[in-house]
Amino acid sequence: NAGVMQNPRHLVRRRGQEARLRCSPMKGHSHVYWYRQLPEEGLKFMVYLQKENIIDESGMPKERFSAEFPKEGPSILRIQQVVRGDSAAYFCASSRSGTGISYEQYFGPGTRLTVT
Amino acid sequence: AQSVSQHNHHVILSEAASLELGCNYSYGGTVNLFWYVQYPGQHLQLLLKYFSGDPLVKGIKGFEAEFIKSKFSFNLRKPSVQWSDTAEYFCAVIGPIYNQGGKLIFGQGTELSVKP
């Protein structure tokens, strides 16, 4: 049973370019979460999505960042016009749906974004 | 706003020593609490979780944690650490729960180094 998959694992972008980070949740999971870990900081929540819906985007920067989780395919975190401050590890997590669930989130290996 | 505080940034122990990592949270509602571990170069893994019932919860690899509601604490313990426990440990609380999921709010992490 494959875990949460993220690709690419490492991504290098120049300032001003776009970064696209992909996340495939675990089989049977319909909730996806994105977190960011900046150097020397803990993980910070960015966005919570279900299929075709953004449930909570309170942690997303107001500009340049967007996320989607289409009906088919992986969830995408998109960063437009990247700046050096976007350099971080981006983690995706997924969880199941249904009543009585444990709200347990399973994490992927992360994508390390470096902006040069 | 909800927050999680971990008391120690870096803990150094010798093998066989006992471990206790502090975690306090500020959230007035019903809480779901977690400890995650991140081994060097790996993704986050769930150590243990508390949702309800017995406030002393046991997790994997000999770890346990005690939920003390009156102190808003959820400290992690292990009676005897091993070199392989060297990792970063994150305490987390789940924020408002809606649509059967919710964002994790993490503490800043505690880096544990165990000397052989």
Side-chain angles (χ1 to χ4, degrees), chain A residues 2-7 9-10 23 25-26 29-60 67 69 75 89-112, chain B residues 1-10 21-25 27 29-53 57 59-60 87-112:
Chain A
V4 178
M5 300 180 69
Q6 291 187 250
N7 66 80
R9 294 290 305 276
H10 299 274
C23 169
M26 284 180 70
H29 286 195
S30 59
H31 301 241
V32 165
Y33 311 81
W34 286 93
Y35 296 87
R36 178 166 66 174
Q37 186 175 30
L38 292 166
E40 307 301 321
E41 292 188 23
L43 287 93
K44 304 289 185 188
F45 167 80
M46 299 182 75
V47 62
Y48 161 32
L49 310 106
Q50 294 179 14
K51 288 281 187 183
E52 300 184 283
N53 281 306
I54 297 174
I55 307 302
D56 180 353
E57 57 181 344
S58 58
M60 286 279 270
F69 188 18
S75 174
Y90 292 81
F91 292 94
C92 171
S94 72
S95 68
R96 289 167 52 206
S97 179
T99 56
I101 62 167
S102 64
Y103 311 114
E104 185 173 324
Q105 296 180 21
Y106 294 82
F107 281 79
T111 294
R112 273 151 183 84
Chain B
Q2 306 96 336
S3 66
V4 177
S5 176
Q6 293 182 237
H7 309 313
N8 310 98
H9 289 297
H10 194 186
L21 301 181
C23 172
N24 286 91
Y25 64 93
Y27 184 55
T30 301
V31 287
N32 295 286
L33 295 155
F34 306 81
W35 276 97
Y36 280 87
V37 61
Q38 188 175 27
Y39 297 103
Q42 297 188 27
H43 58 280
L44 273 82
Q45 300 173 40
L46 182 67
L47 267 182
L48 47 78
K49 61 195 177 194
Y50 171 79
F51 296 109
S52 63
V57 293
I60 60 171
E88 190 153 19
Y89 293 81
F90 294 93
C91 180
V93 62
I94 203 160
I97 295 170
Y98 42 89
N99 285 26
Q100 299 166 354
K103 61 186 179 187
L104 284 168
I105 298 160
F106 285 90
Q108 61 269 52
T110 297
E111 189 178 340
L112 172 65

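All values reported here derive from a predicted model rather than from experimental measurement. Heavy-atom basis, side chains included; hydrogens, waters and symmetry copies ignored.
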Next item on the list: Report the relative orientation of the aromatic rings in Phe90(B) and Phe106(B); use parallel for angles under 30°, tilted for 30 to 60°, perpendicular for over 60°.
Entry: perpendicular
Item checked: Gln6(B) versus chain A, the contacting section by heavy-atom distance below 4.5 Å -> neither
Notebook entry, point to check: Who passes side chain to side chain contact (heavy atoms under 4.5 Å, CB included) against Ala67(A), sequence neighbours left out?
Noted result: Val47(A), Leu49(A), Met60(A), Leu77(A)
Check: Is it the side chain or the backbone of Gln6(A) that comes within 4.5 Å of chain B heavy atoms, both, or neither?
Finding: neither
Next item on the list: Go through the structure and list residues passing ring pair (Phe, Tyr, Trp, His ring centres under 6.0 Å) with His10(A), not counting sequence neighbours.
Entry: none
Notebook entry, point to check: How many angstroms lie between atom NE2 of His43(B) and atom OH of Tyr106(A), to the nearest 0.5 angstrom?
Noted result: 11.0 Å
Item checked: Pick from Gln38(B), Gln42(B), Gln45(B) with the largest number of heavy-atom pairs that fall under 4.5 Å of chain A -> Gln38(B)
Next item on the list: Can you tell which part of Leu46(B) gets under 4.5 Å to a heavy atom of chain A, answering side chain, backbone, both or neither?
Entry: side chain
